Q: 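What follows is a structure written as structure tokens; I'll ask about it next.
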Amino acid sequence: MEKTPLFQALNQYIQQDYARFHMPGHKGFALPPLAAASQYDVTEVEGTDSLFEAEGPLAQLEDLFSQLYGTKRTLLSAGGSTLCIQTMLSLVARPGGEIIAGRNIHSAAVNAMALLDLHPCWLYPQQEGQALIGRIEPSQVKQALQQHPKACAVYITCPDYFGEMSDIAAISTLCRQYRVPLLVDNAHGAHLKFMEPSLHPMDLGADICCDSLHKTLPVLTGGALLHFASESLAQKAKERMSVFGSTSPNYLIMLSCDTAAGWLAGPGPGLLRETARRCAQLKELAQSHGMATSGGLCDPMRLTLVLSGSGYTKEAFRSHLRRHGIMEEFLSENGCVLLCSPFNREEDYLRIKQMLEGLCLTPCPASPFPMFRPRAVLSLREALFAPCETLPIEKTAGRIAAQIKAPCPPGIPIVMLGEEINKNYIKTLKMYSISSLSVVK
């Protein structure tokens, strides 16, 4: 930790004991419970660098992450993967341009596409076996590239929220053949670089990819990375990032990224692989007790239990989790997501083991995560900025959505901007306790 660049720079600043006549207003003496950390919460002053014009410790930190991930260039974000997604889409966008994208997309990317006036050509995940959503197949990408020869990029979410991973290596090969950049939302996969072999999109041929460090690594919420396979793609990245990002990036978030870089340069990779091994054991245990889990290539540090077909309702499984002192990442009638990391306690694993051993299944017909193919009437941007009104969900049939409805988690849109609302939409929204929706007037 002591050798990481931002930690060194901030310690030096603190030791100089300046009278802080600069932001933030707590002056290093924030109220409890944040008092101890607040001395490191500074702003862009002499010696601390500036994120979007980095040439000191933040530039050194980005270089360190580039070395750790084996990229041509890696940029730091204190605005989560949302800022990274906005940046990478803006680098390939053309007004009114087409982009080939998996429908299992996060709402942050849809919002960015609307602002940039990108027109998505949707690829619907192939739902097979126990998959909660499914994967984007290379054959789908190839067909879309043939049908949309002027597409500015292919955009894939991998792993998806439920841990299912598409074949990025095969998709990247297709993208190179058609000379179209491959963008990957790897928000949930910052740890994949350190598996053996690496499962990280940048090692599988992605051109640009984002990682949310905070999802699986010891980083405060909001810490993320944006990776580039070539310098040409990265040339304007800082400039574009500054368009969308806060002019006051949080130094505690960036410091946590810095210390995590030190951890990754030391014991981190081994501990991540051990966590993946333990998660695999839990997956085997769940299957031995009759609980289905996601099949095929999946995130090795995510335990996804398929509730659909198990006989468990959402509320019944919630009670089962709570009896064992477990708080899940995500829970619906379809499935439950449990995230593991090296910082889970031994006791945590014991609770999961006891919870799985206490399962009482009553198999019944299964149903996949809802994903519809409605008629698009307006572009994302047209719908976002159109005059609108909010109606009870029961009265929206036949109307055009003027907003995204994406229960978060998982953040995957059920209702998409510009699409016509139908009865299936209404039924599913009610299931998620969504009672109203903005529609185009």
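What you are looking at is a predicted structure, and each value in this text was computed from that prediction instead of being measured.
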Q: Would you give the length of the straight line joining atom CZ of Arg318 to atom SG of Cys336, rounded to the nearest 0.5 angstrom?
A: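 It is 10.0 Å, given to the nearest 0.5 Å.
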
Q: Is there side-chain contact between Thr216 and Leu339, with heavy atoms separated by less than 4.5 Å?
A: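 The answer is no; the side chains never approach within 4.5 Å.
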
Q: Does Asp41 form a side chain to side chain donor-acceptor pair (under 3.5 Å) with His26? I'd like the steps, not just the answer.
A: CA-CA 9 Å; Asp41 184 30; His26 58 65; 2.8 Å; yes

Q: Side chains of Ser66 and Thr71: any donor to acceptor distance under 3.5 Å?
A: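 Ser66 and Thr71 do have a side-chain donor-acceptor pair below 3.5 Å.
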
Q: Roughly how far, to the nearest 0.5 Å, is CE of Met23 from CD of Glu44?
A: 7.0 Å

Q: For a 4.5 angstrom cut-off between non-hydrogen side-chain atoms, does Asp185 reach Cys210?
A: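 In short, these two side chains touch, coming nearer than 4.5 Å.
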
Q: Between atom CG of Leu83 and atom CZ of Phe244, what is the distance when rounded to the nearest 0.5 Å?
A: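 Answer for the CG-CZ pair, Leu83 versus Phe244, is 8.5 Å.
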
Q: Just by distance, no angles: are the side chains of Thr293 and Thr304 close enough, under 3.5 Å, to form a donor-acceptor pair?
A: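 Result is no, nothing qualifies.
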
Q: Flag the pair Asp203 / Tyr69 as yes when at least one side-chain heavy-atom distance between them is below 4.5 Å, and no otherwise.
A: no

Q: Please determine whether a side-chain nitrogen of the Lys or Arg among Asp348 and Arg345 lies less than 4.0 Å from a carboxylate oxygen of the Asp or Glu.
A: yes

Q: Do the side chains of Lys238 and Glu62 get close enough for a salt bridge, i.e. N-O under 4.0 angstrom?
A: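 Here Lys238 pairs with Glu62 in a salt bridge, since their nearest N and O are under 4.0 Å apart.
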
Q: Salt bridge or not between Lys72 and Glu231? Use side-chain N to carboxylate O under 4.0 Å.
A: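 Not counted as a salt bridge, because no side-chain N and carboxylate O are separated by less than 4.0 Å.
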
Q: Do Ser230 and Ser232 meet the criterion of a side-chain donor-acceptor pair at a distance under 3.5 Å?
A: yes

Q: Counting C-beta onward and ignoring hydrogens, is there a side-chain heavy-atom pair between Leu204 and Ser172 closer than 4.5 Å?
A: no

Q: Would you call the rings of Phe343 and Trp263 parallel, tilted or perpendicular if under 30° counts as parallel and over 60° as perpendicular?
A: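 Tilted: the ring planes of Phe343 and Trp263 meet at 30° to 60°.
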
Q: Given side chains that start at C-beta, do those of Leu174 and Gln177 come closer than 4.5 Å, heavy atoms only?
A: yes

Q: For the pair Arg273 and Glu196, find out whether any cationic side-chain nitrogen is under 4.0 Å from an anionic carboxylate oxygen.
A: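 Salt bridge: yes.
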
Q: Looking at Lys142 and Cys175, would you say the former's side chain and the latter's main chain have a donor-acceptor pair under 3.5 Å?
A: no

Q: Answer yes or no: does atom CZ of Arg179 have more than 12 heavy-atom neighbours from other residues, nucleotides or ligands under 6.0 Å?
A: no

Q: Do Glu419 and Arg399 sit within salt-bridge range, that is, some charged N less than 4.0 Å from a carboxylate O?
A: no

Q: For residues Gln140 and Tyr124, is any side-chain donor paired with an opposing acceptor at under 3.5 Å?
A: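 Side chains of Gln140 and Tyr124: no pair found under 3.5 Å.
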
Q: If we ignore angles and hydrogens, is there a donor and acceptor under 3.5 Å between the side chains of Glu333 and Tyr312?
A: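 There is no such pair (donor and acceptor under 3.5 Å, judged by atom type) between the side chains of Glu333 and Tyr312.
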
Q: By the definition side chain to side chain contact (heavy atoms under 4.5 Å, CB included), identify the one residue from Leu58, Val219, Leu220 that meets it with Met254.
A: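 One option only clears the test, and that one is Leu58.
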
Q: Is there side-chain contact between Arg135 and Cys298, with heavy atoms separated by less than 4.5 Å?
A: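 Side chain of Arg135 against side chain of Cys298, heavy atoms only: contact under 4.5 Å found.
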
Q: Is any side-chain heavy atom of Glu328 less than 4.5 Å from a side-chain heavy atom of Arg322?
A: yes

Q: Are Leu76 and Cys257 packed together at the side-chain level, in the sense that at least one heavy-atom pair is separated by less than 4.5 angstrom?
A: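 Of all side-chain heavy-atom pairs linking Cys257 with Leu76, at least one is under 4.5 Å.
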
Q: Please answer whether the main-chain N or O of Ala187 pairs with a side-chain N or O of Asp211 as donor and acceptor at a distance below 3.5 Å.
A: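 Answer holds: no.
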
